[in-house]
Structure formats: structure tokens, C-alpha cells
Amino acid sequence: MTEFTVRPATVHDVNAVFHLTNDHAQAGLMLPRSKYKIITMLNNFSVVETTEKEVVACAALTPLWTDMAEIMALAVADEYQGKGIGTMLCRSLIKRAKELGFPKIIALTYQVGFFKKIGFQVTDKDQFPRKMWRECLECPKLEQCDETAMFLDL
Ligand SMILES: CC(C)(COP(=O)(O)OP(=O)(O)OC[C@H]1O[C@@H](n2cnc3c(N)ncnc32)[C@H](O)[C@@H]1OP(=O)(O)O)[C@@H](O)C(=O)NCCC(=O)NCCS
């Protein structure tokens, strides 16, 4: 039976991360990201691979400041959804955020039900000005953001 392992991303995962994130971006579920952007964020990314070394999920833990980090670019390949992989990956990033000393982790998402199941609570986007200063400025939806802001105290 296939087992799933979370590990830090390497340069060999850039194409897989590009396809995982951009396939879901085309469906309007997340922001598109260029390969350049993925490479500059590579150190933040973790991936999930199967026993056969196929990369089936990715997510990044990005520090916003000393008081919070953000889960970004979370994507599980369609055919592997509903198997606990997204939960496993987020739990791994939450553990890493704790080790790094962050008191809070946030996510901006359409997947409110998923994040609630792993303990996040809904809040107001205005609580995250540092997020707004950064990636949001590159987002085509900037003024009309329809994602839900969520947080988890660590
Ligand atoms: C959202 C996503 C990451 C979830 O990953 P996953 O591996 O399918 O989720 P899991 O199997 O770990 O699900 C855990 C639980 O959350 C539930 N769940 C998953 N997505 C949900 C949603 N949108 N609303 C409510 N519940 C949800 C599952 O049913 C499961 O419940 P259970 O424990 O009672 O069985 C995945 O569906 C995905 O990649 N979606 C497309 C891209 C995307 O939207 N990314 C999020 C960007 S922030």
C-alpha cells in the first residue's frame, strides 16, 4: 500500500510544485505562482511524496514577521484528495512553525471547512496588515479579495 511522506522541497520539486499550484489556480482556488516565485520561496516549501517518489502535494510556511507565519500554496493533487494528505502536510508545517517560535499561524483561503477541522478560526483580514503589505500587493484581486482569513494560536 502506498505510504505518504512529508519532506522539505528541493530544486527537483519545482516543476511538480508549479503544476500542483497552477492547476488549482486555473480552477480559481488559489493564486498562480511563477517558477521564479516558487524557486525564491523554495526553502519554505514542503512536499508530500508517495512510496514511488511521486510528489502529490505541496505547501509553504512563510514567516510574515516574528509574530506570525502563513501557510501558503497548499495543494493536493485531485486524485489524492480526501486521504488525509492536506491534514498531514498542515500538521507538519504547524509543528515547524512552533519549533521556529511563531505564536500564530494564518491562512487566507476558500477552504474554510478544511482549516476549521485542523483547528483554525475565522477572523478579519484587517488583523493581518503584514500580509497585506506583501503578497496581497501582487494579487490581481487585491481590492476585491474574497478569501477568508483564518488563524491558529500555537
Ligand atoms: C483543501 C485541500 C488542501 C484539502 O486536502 P485533502 O488532502 O483533500 O484534505 P484531507 O483529506 O486532509 O481532509 C481532512 C478533512 O477535511 C475535510 N475537508 C477537506 N476539504 C474541505 C472543505 N473544503 N470543506 C470542508 N471540509 C473539507 C475532509 O472531508 C476531511 O474530513 P474528515 O476528517 O471528516 O474525513 C485539497 O482539497 C486541495 O488541494 N484543494 C485544491 C487547492 C486548494 O483549495 N488549496 C487551498 C489553498 S489555501
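Each ligand, and each atom within it, is numbered from 1 in the order the structure gives.
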Considering only heavy atoms of [X], which atoms of ligand 1 have at least one such atom less than 4.0 Å away?
X    : value
K83  : 11 (O)
Q111 : 1 (C), 22 (C), 23 (N), 43 (C), 44 (O), 46 (C)
T109 : 48 (S)
G113 : 24 (N), 25 (C), 26 (N)
G84  : 10 (P), 11 (O), 12 (O)
L74  : 3 (C), 42 (C), 43 (C), 45 (N), 46 (C), 47 (C)

Which is closest to [atom] in terms of heavy atoms, [options]?
atom                    : options             : result
atom 20 (N) of ligand 1 : F115, F4, F114, Y80 : F114
atom 16 (O) of ligand 1 : Q81, K117, M150     : K117
atom 12 (O) of ligand 1 : V112, L89, T87      : T87

> If we only count heavy atoms from C-beta on, is the F151 to Q127 side-chain gap below 4.5 Å?
Replying inline: no

Considering non-hydrogen atoms of the protein only, which is the closest contact for [atom], and what is the distance?
atom                    : result
atom 39 (O) of ligand 1 : V76 N, 2.7 Å
atom 8 (O) of ligand 1  : G82 N, 2.8 Å
atom 41 (C) of ligand 1 : H24 CD2, 3.4 Å
atom 7 (O) of ligand 1  : G86 N, 2.7 Å

Would a search of protein heavy atoms around [atom] find one under 4.0 Å away?
atom                    : result
atom 14 (C) of ligand 1 : yes
atom 29 (O) of ligand 1 : no
atom 48 (S) of ligand 1 : yes

[X] side chain vs [Y] backbone, donor-acceptor pair below 3.5 Å:
X    : Y    : result
N22  : R33  : yes
K125 : L108 : no
T123 : A149 : no

> For E99, does the CD atom have more than 12 heavy-atom neighbours from other residues, nucleotides or ligands under 6.0 Å away?
Replying inline: yes

Would you kindly confirm whether [X] and [Y] end up in one hydrophobic cluster when ILVMFWY residues are joined by side chain heavy atoms under 4.5 Å apart?
X    : Y   : value
L154 : L74 : yes
F102 : M68 : no
F18  : L29 : no
I71  : L89 : yes
L152 : V6  : yes

> Is the closest heavy atom of A75 to ligand 1 under 4.0 Å?
Replying inline: yes

> Roughly how far apart are L61 CG and C90 SG, rounded to 0.5 Å?
Replying inline: 10.0 Å

> Which part of K116 is near ligand 1, with near meaning a heavy atom under 4.0 Å away: side chain, backbone, both or neither?
Replying inline: neither

